[in-house]
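Taking it in order: structure first as structure tokens, then the write-up.
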2 protein chains.
Amino acid sequence: MQKVTINDVAEHAGVSKKTVSRVLNNEPNVSKATKEKVLEVFKELGYRPSAQARGLATNQSFLIGLVYDNPNKTYVSDVQTGALEICNENGYHLVIHPTDHEREDLLAELESLITDSRLDGVVLTPPFSDMADLLSMLQSRAIPYAKIGPTILDDETPSVISNDLEASYEMTRYLISLGHTKIGFIKGHPDHNVSNQRLAGYRRALEESQIQFNNDYVAQGYFTFTSGEECAKQLLSLPARPTAIFASNDYMAAGVIKVASQENIAVPQELSVAGFDNAPISRYLWPTLTTVKQPIKDMATDAARLLLDAINKRPLESSLVQLTDELIVRDSSAPLKST
Amino acid sequence: MQKVTINDVAEHAGVSKKTVSRVLNNEPNVSKATKEKVLEVFKELGYRPSAQARGLATNQSFLIGLVYDNPNKTYVSDVQTGALEICNENGYHLVIHPTDHEREDLLAELESLITDSRLDGVVLTPPFSDMADLLSMLQSRAIPYAKIGPTILDDETPSVISNDLEASYEMTRYLISLGHTKIGFIKGHPDHNVSNQRLAGYRRALEESQIQFNNDYVAQGYFTFTSGEECAKQLLSLPARPTAIFASNDYMAAGVIKVASQENIAVPQELSVAGFDNAPISRYLWPTLTTVKQPIKDMATDAARLLLDAINKRPLESSLVQLTDELIVRDSSAPLKST
DNA sequence: ATTGTATTTGACACCGGTGTCACGATATGG
DNA sequence: CCATATCGTGACACCGGTGTCAAATACAAT
């Protein structure tokens, strides 16, 4: 069909290709008249500049990477959607890169991803956002990057975080406000730093309400459904059974609900359950799950935006953006029955 | 760090860049000696050819698009993973493109995706695989494409299908083998052609077992959890209540299980439930869900492979690949209690 | 040794843009 | 009014590869 090049435009507009290029890039020193004329020819011919040629000349790829390792497909989908939005707006392409954060050769793998694909920058999701060796590798190669949900904030690199800790705190406060004092907690995967954040929020709420923290009420999960089941069994077999369980994500909370059902413990009458993430499953469970909704997609758009700012060396107001989580109360939590 | 170009290699190897290019592309008419020498220099210098420059010269982008519109994140993830695998193997990048199959300007949107990004080809998922106007648009622009799960197979374009109809047939046969005769069926979204396939499999199994098809036992769902709930209510309020319900996907089956639980109908003792897709939720439900597992990822890899074959004009053995679904029996189905 | 053919190789233009720089036209100012 | 700074523009090389074509070399047959 077409293959309109900059030369065609130049010819039609009666100017040199360099001038067309100037218009394309909004460079100064183009008279208003010629600029308008060129823009007109753009439309007339339906001209689309070639990112390849442009990139070849400027040593850019217009590619940014998105690195993740998260079994939660909803999370991944949201992150992709958010990042994609910004990429499309700016003529970049998104190179999605699912990988295993535990693989031996992770650094080498990411290094070859970057050099082979000549990425202009990378968006990192947890737990990559906190991997010191990875960050220093990127730095040494001068690859700009933006971090989603890092827990270490000691540098100047662009980061987007949510108030995980506060949300966890709020959820615990909420359970306490329902009258619960024996509140079980299921931790997330130790490799993910959010796990600590969420535990910390739980502890802070207890302290503030002068409820003694009891380590027996804390179980080590791994963000999986089955780990949730195991933790639930453990917690529910305690002599002084908890009247509420707060799991660090929805899959584990689902496991709790399943175990409760198996053991004929009524939710929420005898046991309140809360999760984290607002995964689809949280709406499909019976009862529906009280949980925390994180602004994943928004975090991704902000991260991508920050990254592009960095790549194009636009001054950024702040390298740290904080968005807020939202408590969603559904049917799995209820006031403690007075005995 | 580095920026090894073809000129560097040429210099080090004492040959012209054209010869290096020949080695790069495995072109004939290069003496064994020089070829080896060049390959050696490749390693020595860690040379990576620039896809940009290559593409600019050959009018390729090494980009292929993946178009989808599916709320099932697992499906999307599997498709991405499969397509990505092939892309990475062949030095292509995958441009993921979630969109809305019902939007007015769909054709224009995809057209601009293709021209703006200069895609070399596109992988289509349902329901795009069956959209005639889209296909003819691609054809007229000479954009190679591969279709996943089309139901119309009247052309020569590369396609990958699974035996949806047979799987649905098998599932129904299985329910019948458990003694069920009053088997409810929940249809999928009418825009998705698989919906018809699955219904057809159900009907064929009934016929073969000489069970009268009863339209009252068929409800119209939309692949969503809530539509599953509604259909379940409808089916379970029938005078001659079905003893088994086969839903066209797992989300709807989950809705059925929820409603059954609300109405105190024991699953599977009083009601067998079956789904389709093997979504994560199928393992987390209580009881766990009997379902059908489709080889989504494999379908995507095959589709991508076929597409790349078409792009590179490699002769393909067959333009149609068929993979097989797998029946997964879990706890939500049981033999009919003899009354 | 001579001619003919096949194989190996390189010079050079080109893909579609951008960077550098030089040149003419305008604007500024003393 | 002329010297100087600024603006607008185009010529040309270059980014890192590939296609074309002709030259150089190897091999075979006469």
Side-chain angles (χ1 to χ4, degrees), chain A residues 1-39 41-42 45-63 91-92 115-118 120 311-313, chain B residues 1-39 41-42 45-63 91-92 115-118 120 311-313:
Chain A
M1 189 104 8
Q2 70 249 64
K3 181 134 51 156
V4 185
T5 77
I6 198 171
N7 296 295
D8 301 330
V9 177
E11 203 169 325
H12 276 249
V15 297
S16 74
K17 37 187 251 188
K18 180 62 213 185
T19 299
V20 178
S21 169
R22 287 197 178 93
V23 176
L24 213 59
N25 296 287
N26 265 312
E27 283 175 32
N29 300 337
V30 182
S31 80
K32 205 176 167 190
T34 50
K35 182 167 185 174
E36 274 170 12
K37 190 182 214 166
V38 171
L39 287 173
V41 179
F42 278 178
L45 269 53
Y47 170 67
R48 304 274 132 191
S50 152
Q52 291 196 306
R54 226 216 268 261
L56 182 57
T58 57
N59 197 28
Q60 288 182 271
S61 65
F62 299 103
L63 254 35
Y92 278 73
T115 55
D116 290 2
S117 297
R118 291 174 152 71
D120 288 341
I311 289 174
N312 298 309
K313 298 191 174 123
Chain B
M1 189 102 13
Q2 69 248 65
K3 180 135 49 156
V4 185
T5 78
I6 198 171
N7 297 293
D8 301 331
V9 177
E11 203 168 325
H12 277 248
V15 297
S16 74
K17 24 188 267 193
K18 180 63 213 184
T19 299
V20 177
S21 169
R22 287 197 178 91
V23 175
L24 213 58
N25 296 286
N26 265 311
E27 283 174 33
N29 299 337
V30 181
S31 80
K32 205 176 168 191
T34 50
K35 182 166 184 172
E36 273 170 11
K37 190 183 217 167
V38 171
L39 287 173
V41 179
F42 278 178
L45 268 51
Y47 170 67
R48 303 276 133 190
S50 153
Q52 290 195 306
R54 226 216 266 262
L56 182 57
T58 58
N59 197 29
Q60 287 183 271
S61 65
F62 299 103
L63 253 35
Y92 278 73
T115 54
D116 290 3
S117 296
R118 289 174 152 71
D120 288 341
I311 290 174
N312 297 310
K313 295 186 177 128

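For clarity, every value in this text was computed on a predicted model and none was experimentally measured. Within every chain, numbering begins at 1; the chains are lettered A, B, ... in the order of the sequence lines, protein sequences first and strands thereafter.
Counting non-hydrogen atoms under 4.0 angstrom, A:N25 reaches the backbone sugars and phosphates but no base. Counting non-hydrogen atoms under 4.0 angstrom, A:P28 reaches nothing in the nucleic acid. At a threshold of 4.0 angstrom between heavy atoms, the contacts of A:R48 are confined to the sugar-phosphate backbone, with no base atom among them. Residue A:V20 is classed as having no contact, given no heavy-atom separation below 4.0 Å to the nucleic acid.
No hydrogens or angles were tested; on distance alone, nothing pairs the side chain of B:K18 with the base of C:dG10 as donor and acceptor under 3.5 Å.
Residues A:R54 and A:N25 have side chains in contact (heavy-atom distance under 4.5 Å, counting atoms from C-beta outward). Side chains of A:L24 and A:K17 form no contact here, defined as non-hydrogen atoms less than 4.5 Å apart. At a threshold of 4.5 Å between non-hydrogen side-chain atoms, the residues B:H12 and B:V20 do not count as touching. Side-chain atoms of A:T34 and A:R22, non-hydrogen and from C-beta on, never get closer than 4.5 Å to each other.
In this structure, A:Q52 places its CD atom 10 Å from P of C:dG17, rounding to the nearest Å. One atom, CD of B:E27, and another, P of D:dT20, lie 10 Å apart when rounded to the nearest Å. As a whole-Å value, the separation of A:R54 CZ from C:dG16 C1' is 11 Å. For the pair A:R118 CZ and D:dG16 C1', the interatomic distance rounds to 9 Å; values are reported in whole Å. Here the C1' atom of nucleotide C:dC23 and the CG atom of A:N29 are 14 Å apart, to the nearest Å. Remark: C1' of D:dG16 and CG of B:L24 are 11 Å apart, rounded to the nearest angstrom. The CG-P distance, from B:L56 to C:dC15, rounds to 9 Å in whole Å. Rounded to an integer number of Å, the gap from CD of B:Q60 to P of D:dT18 is 10 Å.
Applying the 4.0 Å criterion to OP1 and OP2 of C:dT18, one finds that A:S21 has a side-chain N or O inside that range. For the pair A:T19 and D:dG8, the criterion of a side-chain N or O lying under 4.0 Å from OP1 or OP2 is not met. For the OP1/OP2 pair of D:dT9 and a distance below 4.0 Å, the side-chain nitrogens and oxygens of A:S16 include no atom meeting the criterion. Between A:T5 and C:dC15 there is no side-chain N or O to OP1 or OP2 distance below 4.0 Å.
In A:E11, the CD atom is not crowded: 12 or fewer heavy atoms of neighbouring residues, nucleotides or ligands sit closer than 6.0 Å.
Taking each heavy atom of A:S16 and A:A10 in turn, the nearest pair found is C-CB, 3.8 Å. Of all the heavy atoms in B:I6 and B:S21, the pair that sits closest is CD1-N, 3.9 Å.
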Per-nucleotide protein contact string for nucleotides 22-28 of chain D, where B marks a base within reach and S marks sugar-phosphate only (heavy atoms under 4.0 Å, - for neither): -------

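Residues A:T58 and B:T58 each lie close to DNA chain C; by heavy-atom proximity, the contact nearer the 5' end of the strand is made by B:T58. DNA chain C is contacted by both A:K17 and B:S31; B:S31 maps to the nucleotide lying nearer its 5′ end (nearest heavy atom per residue).
Atom-to-atom distance recorded for B:Q52:CD and A:L63:CG is 8.0 Å, nearest 0.5 angstrom.
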